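Presented below is the structure to which this report refers.
Nothing fancy with the numbering, it's 1 onward along the sequence. As the structure is a computational prediction, the values presented were derived from the model and not from experiment. What you see below is based on every heavy atom in this structure, not just the backbone, and it leaves out hydrogens, waters and symmetry mates.
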Amino acid sequence: MAQESAPPGLSADVAARLDRLPVTRRHRSLVITIGMGLFFDMYEIFMSGVLGPVLSDRFELGATATSAVLASAFVGMFLGVVTMGRLADRYGRRRFLIASVALYTLFSAVGALSANAPMLIAARFLAGIGIGPQLPLADAYLSDLLPARVRGRYTAWAYTIAFFGVPTVGLLAHWLVRLSPLGVAGWRWLFLIGTLGGVAALLRYRRLVESPRWLDSVGRTAEAERIVADLEAGTPYASAKPVSVAVGPSARLSVKAVRARTSRRMPLVYRRRAAMMAVFHLLQSVGFYGFGTMAPLVLDAKGFSIVHSLLFSALTYFGYPLGSLISLPVIERFERKHLIVAAALAMAAFGVAFGQATDEIAIVVAGVGYTAVSNVFSNAYHVYQAEIFPTELRATATSWTYAMSRVSTAAMPFALVPVLHAFGAARLFAAVAAVMTVIALEIGLLGPTANGRSAYERSVEGRREEGRRAEGHLMRRRLATRHRAKGRLAKGNPEKGRPAEGADAT
């Protein structure tokens with residue numbers, strides 16, 4: 001069988017060279033760097049939840065104002081995701097990873113200086129524009145750089161590093177809210193620590209290389225090959241002959257050409273997957289971020305003091321890195337979609353237990369169980385959503401679908417806080433369990449399998465689907481032409497269905 005050529009603008013040679021590499025020190029360094037950036041991204045995301053009761057008390061906020069403070073960052077995240085994801089497919093992953101860290105670092109510092117609630121809401125909104133794109137851009141970047149056979153495990157390592165940021169912010173909040181070091185309120189120190197962490201992440205991010213798969217997909221093959229050669233240095237492939245596969249154009253595409261490629265309509269197979277993931281993200285944030293945002297408020301509603309509720313939240317937040325560690329040995333062994341389904345159902349069960357728990361031990365056990373399985377869920381879907389789209393669409397598709405989670409997360413405090421006050425924690429988490437069950441059904445029934453598939457294979461899959469659609473369109477046009485021709489013949493002689501005498505039958 002003839003070998004299939006690479007999709008336009010994507011060299012199978014570069015993709016194959018990346019996928020055949022062993023995991024090197026350079027790969028590990030990139031994973032650690034991305035993990036460090038995500039650590040402070042998670043710190044910023046979950047800081048809203050742990051500070052909710054504190055800021056409500058300090059600024060004397062009502063329920064609506066508290067919801068606005070919690071939601072403001074997520075509204076900004078939505079705007080950042082939908083903007084930077086599309087731009088990253090046009091202009092590169094690296095520059096927008098750096099830009100997003102710089103943005104949330106700057107406005108986290110502004111948040112520390114907030115004199116009132118409106119200023120804090122504005123600062124959190126602007127910080128959110130930088131916080132939001134980090135996760136989908138990191139997913140796209142790691143999926144591009146890592147060999148397909150180990151992509152899941154090393155992406156899970158990056159998120160394991162990241163999720164230590166969650167108990168870190170919880171413990172810092174528990175310790176600092178009672179203090180005023182150097183005469184500065186403890187909650188302001190939380191913002192300042194996030195700012196310092198963002199600066200440290202920026203220094204590391206400057207060393208990131210651009211994605212070779214992305215460079216190759218826009219025709220910058222020479223640059224892609226130089227980066228791949230650097231990654232091959234010190235491996236058995238350093239002086240090996242390049243993989244001989246038909247390649248796309250090597251000439252650098254113009255900005256106009258790249259814009260045209262990223263603006264064209266997705267093939268139907270990817271539009272269906274994008275729609276599936278958009279629904280998934282609208283719902284998953286209720287279970288994943290809903291717990292982190294609502295847990296301190298739920299414990300406060302159960303009658304615990306702010307200090308005790310922050311302590312219990314910090315303890316349950318240790319389940320996040322624990323769950324990420326649990327995912328490492330299983331994420332490559334089991335199909336990703338099956339892990340998502342199993343973890344979603346486990347989250348539903350632990351959520352019901354947490355909502356009904358009244359004593360301290362039961363609260364912590366159910367909370368740790370919930371957060372642990374939620375990170376198996378999270379790591380699996382972060383790898384999965386990047387794997388089911390090809391390089392040239394990956395950042396756009398993952399960002400736009402992930403943006404749906406920012407919409408639902410922004411609306412969540414306005415929906416869940418009133419439910420908590422009106423019906424209590426048990427019914428709140430029963431509703432969350434129902435949502436997680438719907439997610440399990442959607443991915444289980446509609447999700448494609450994805451483990452270890454290369455970017456090249458996904459691009460070829462898209463081309464085949466486009467080809468089938470083109471063939472079907474051509475066939476329909478031919479049938480319509482024949483139908484019109486028969487109609488004209490029948491019109492010429494209705495009785496016999498052929499031209500009238502003397503008419504041209506050709």
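Counting only distance, with no hydrogens or angles, the side chain of Thr155 and the backbone of Gly152 share no donor-acceptor pair below 3.5 Å. Put simply, the side chain of Ser100 never gets that close to the backbone of Ile131: no donor and acceptor are under 3.5 Å apart. Of the possible polar contacts, one joining the Lys337 side chain to the Gly447 backbone as a donor-acceptor pair under 3.5 Å is found. At least one donor-acceptor pair closer than 3.5 Å links the side chain of Thr235 to the backbone N or O of Glu232. Looking only at distances, no side-chain donor or acceptor of Ser399 sits under 3.5 Å from a matching main-chain atom of Thr396. Between the side chain of Ser217 and the backbone N or O of Trp214 there is at least one donor-acceptor pair closer than 3.5 Å. No donor-acceptor pair closer than 3.5 Å links the side chain of Arg406 to the backbone N or O of Val81. Looking at Ser378, its side chain never comes within 3.5 Å of a backbone N or O of Ser374 through a donor-acceptor pair. In terms of modelled atom types and a separation under 3.5 Å, the side chain of Arg86 and the main chain of Val82 share no donor-acceptor contact. Using a distance-only test at 3.5 Å, with no hydrogens or angles considered, a donor-acceptor pair links the side chain of Thr195 to the main chain of Ala109.
Residues Asp19 and Ala148 approach most closely at OD1-N, 3.1 Å, considering heavy atoms. Among all heavy-atom pairs drawn from Phe96 and Gly92, the shortest one is CD1-O, 3.4 Å. Scanning all heavy atoms of the two residues, the minimum distance from Ile326 to Val376 falls at CG2-CG2, 4.2 Å. Nearest heavy atom pair, residue Val368 against residue Thr371, reads O-OG1, 3.1 Å. Between Gly198 and Thr105, the shortest heavy-atom contact is CA-OG1, 3.2 Å. Nearest heavy atom pair, residue Leu137 against residue Gly85, reads CD2-CA, 4.4 Å.
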Worked check of ring pair (Phe, Tyr, Trp, His ring centres under 6.0 Å) between Phe377 and Phe280: CA-CA 12 Å; Phe377 173 82; Phe280 169 86; 5.7 Å; yes

Step-by-step side chain to side chain contact (heavy atoms under 4.5 Å, CB included) determination, Val432 to Tyr370: CA-CA 12 Å; Val432 170; Tyr370 189 97; 3.8 Å; yes

Check against side chain to side chain contact (heavy atoms under 4.5 Å, CB included), His27 and Leu146: CA-CA 7 Å; His27 285 116; Leu146 294 169; 4.2 Å; yes

Trace of the side chain to side chain contact (heavy atoms under 4.5 Å, CB included) decision for Ile363 with Phe354: CA-CA 6 Å; Ile363 286 171; Phe354 183 82; 3.7 Å; yes

Check against side chain to side chain contact (heavy atoms under 4.5 Å, CB included), Thr449 and Arg336: CA-CA 7 Å; Thr449 56; Arg336 247 79 88 179; over 6 Å; no

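Side-chain contact between Leu208 and Tyr141 is present, with heavy atoms from C-beta onward closer than 4.5 Å. Taking the side chain as every heavy atom from C-beta outward, Val352 and Phe429 never approach each other to under 4.5 Å. Taking the side chain as every heavy atom from C-beta outward, Pro390 and Tyr270 approach each other to under 4.5 Å. Side-chain contact check for Leu345 versus Met436: every heavy-atom pair is 4.5 Å or farther apart. Side chains of Leu126 and Leu103 form no contact here, defined as non-hydrogen atoms less than 4.5 Å apart. In this structure, Met77 and Ile129 have side chains that are not in contact, with every pair of non-hydrogen atoms separated by 4.5 Å or more. Contact annotation: the side chain of Ile388 approaches that of Met277 to within less than 4.5 Å [non-hydrogen atoms, C-beta and beyond]. Side-chain atoms of Ile34 and Leu97, non-hydrogen and from C-beta on, do get closer than 4.5 Å to each other.
The CZ atom of Phe46 lies 6.0 Å from the CZ atom of Phe163; values are rounded to the nearest 0.5 Å. Put simply, CG on Leu18 and CZ on Arg213 are 5.0 Å apart, with the number rounded to the nearest 0.5 Å. With values rounded to the nearest 0.5 angstrom, Asp216 atom CG is found 10.0 Å from Arg17 atom CZ. One distance of note links CZ of Arg25 with CG of Leu30; it measures 13.0 Å at 0.5 Å rounding. Rounded to the nearest 0.5 Å, atoms CG (Leu145) and OG (Ser211) are 6.0 Å apart. Between the CE atom in Met36 and the CZ atom in Arg204 there is a gap of 6.5 Å [rounded to 0.5 Å].
Considering only residues two or more places apart in sequence or on other chains, Ile98 meets the side chain to side chain contact (heavy atoms under 4.5 Å, CB included) condition with Arg94, Leu202, Tyr205. With sequence neighbours excluded, the residues satisfying side chain to side chain contact (heavy atoms under 4.5 Å, CB included) with Arg28 are Val23, Tyr154. The side chain to side chain contact (heavy atoms under 4.5 Å, CB included) test applied to Ala140 returns Arg93, Arg394, Ala395, not counting sequence neighbours. The side chain to side chain contact (heavy atoms under 4.5 Å, CB included) check on Ala123 picks up Val110, Ser114, with sequence neighbours excluded.
Counting only residues at least two apart or in different chains, salt bridge (charged side-chain N to carboxylate O under 4.0 Å, His left out) contacts with residues 32-48 comprise Glu44-Arg124. Every pair passing side-chain hydrogen bond (donor to acceptor under 3.5 Å, both in side chains) that includes a residue from residues 275-287 is listed here, sequence neighbours excluded: His281-Gln284, His281-Gln385, Gln284-Tyr381, Ser285-Ser408, Ser285-Thr409.
Here Tyr320 and Phe39 keep their ring centres 6.0 angstrom or further from each other.
A side-chain donor from one of Asn379 and Ser324 sits under 3.5 Å from a side-chain acceptor of the other.
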